[in-house]
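Reviewing the structure listed below.
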There are 2 protein chains.
Amino acid sequence: MYRDEHLSIEQTGPVELDSRRLTLTRKEFELLTMLARNAGEIVPRDILLSTVWGYCEGTRTRTLDVHIRRLRRKLGEFGDTYIQTVFGVGYRFERYRAARPLLTYSMPAYAATA
Amino acid sequence: MYRDEHLSIEQTGPVELDSRRLTLTRKEFELLTMLARNAGEIVPRDILLSTVWGYCEGTRTRTLDVHIRRLRRKLGEFGDTYIQTVFGVGYRFERYRAARPLLTYSMPAYAATA
DNA sequence: TCGGCTTTTACAACTTTTTTACAAGTTGCG
DNA sequence: CGCAACTTGTAAAAAAGTTGTAAAAGCCGA
């Protein structure tokens, strides 16, 4: 479902982070897969609350925030990169992108053909 | 069906643990083989209850837990290693993996080709 | 009926989920 | 800017749910 050089998420089988099994609880797993399936797109809070929890709109609860926090923590140093907050709307799973070294003056763009 | 340096499980013939025959009851044997056939994968409680016991979904019983306990006990010190609980889902038979000694300075990685 | 196997019961122990309470961050407006 | 209103982050407690365990009760075939 999602895979990059650090993280692997499949519906069947354990989530792996840097080749280590991540032990997620059911809710954590459902939340993560819901986000990862829609990688790159915002998933609104009320959609998460209705699909993962079955709550109907308007339910006042902080449980989503708490689960997001635990997911981020289990994703380690990448937690905040993978799971981004979209203020007032929801969350977005962001694909991993290795930081490319910036081109500098000593290496002009036209000379930097990969 | 399953074999490692400690445990041997065959459909025909007795289960052996460290070269000793284990006397399992029928239900214990069916439960163990069901798990061992799916080694490495989670077998949900309701699947176990339906295949081994013929119970239909929703039956409220603790008999599975009790059998798991007796199996674990008969598997001795490896019981908890072989039969793992997946909370809220079921159980997983885990293959035995001998702990590999850590590579030390005296044995550099490049010399340690398996 | 006896003995072994299986199931239930009852409660302890444990894990997960939700709530609570407050801190910290964000937004928009005068 | 600086404040008020609102949203999200976080830790810790409470609640809910699941599994472990011992012991008793039930079942069934020899």
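Quick note on labels: first sequence line is chain A, next is B, and so on, each numbered from 1. The structure presented is a predicted model; accordingly, all values stated were derived computationally and were not measured.
- What separates CG of B/Leu24 from C1' of C/dC5 is a distance of 13 Å, to the nearest Å.
- Looking at heavy-atom distances under 4.0 Å, A/Thr63 makes contact with a base.
- OP1 or OP2 of C/dT6 has not a single side-chain nitrogen or oxygen of B/Trp53 nearer than 4.0 Å.
- Between B/Leu7 and B/Phe78 there is no side-chain heavy-atom pair separated by less than 4.5 Å.
- Protein atom NZ of B/Lys27 is 10 Å distant from nucleotide atom P of C/dT8, rounded to whole Å.
- A side-chain donor-acceptor contact under 3.5 Å links B/Arg72 and B/Thr85.
- Atom pair B/Phe29:CZ and C/dC5:C1' shows a separation of 17 Å (rounding to whole Å applied).
- Considering only heavy atoms from C-beta on, A/Leu31 comes within 4.5 Å of A/Leu64 through its side chain.
- Between the side chains of B/Tyr91 and B/Asn38, no donor-acceptor pair of N or O atoms lies under 3.5 Å.
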Does the protein touch nucleotides 13-19 of chain D at the base, only the backbone, or not at all? Give it as B, S and - per nucleotide, heavy atoms under 4.0 Å. ----BSB
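- Remark: C1' of D/dC6 and CZ of A/Arg60 are 14 Å apart, rounded to the nearest angstrom.
- Look at CD on A/Gln84: it is 16 Å from C1' on C/dG25, rounded to the nearest Å.
- Which of C/dT9, C/dT7, C/dT20 sits closest to the side chain of B/His67 comes down to C/dT7.
- Rounded to whole angstrom, the span from the CD atom of A/Glu30 across to the P atom of C/dT18 amounts to 10 Å.
- Considering only heavy atoms from C-beta on, B/Arg92 stays 4.5 Å or farther from B/Val43 through its side chain.
- Listed pair A/Thr25 / C/dT17 meets the phosphate criterion, a side-chain N or O lying under 4.0 Å from OP1 or OP2.
- Comment: A/Glu28 does not engage A/Arg26 in a salt bridge, judged by the lack of any side-chain N to carboxylate O separation of less than 4.0 angstrom.
- Nucleotide C/dT17 holds its P atom 14 Å from the CD1 atom of A/Ile68, rounded to whole Å.
- Distance, A/Ile42 CD1 to D/dT7 P: 16 Å, rounded to whole Å.
- At least one side-chain heavy atom of A/Phe29 sits less than 4.5 Å from a side-chain heavy atom of A/Gln11.
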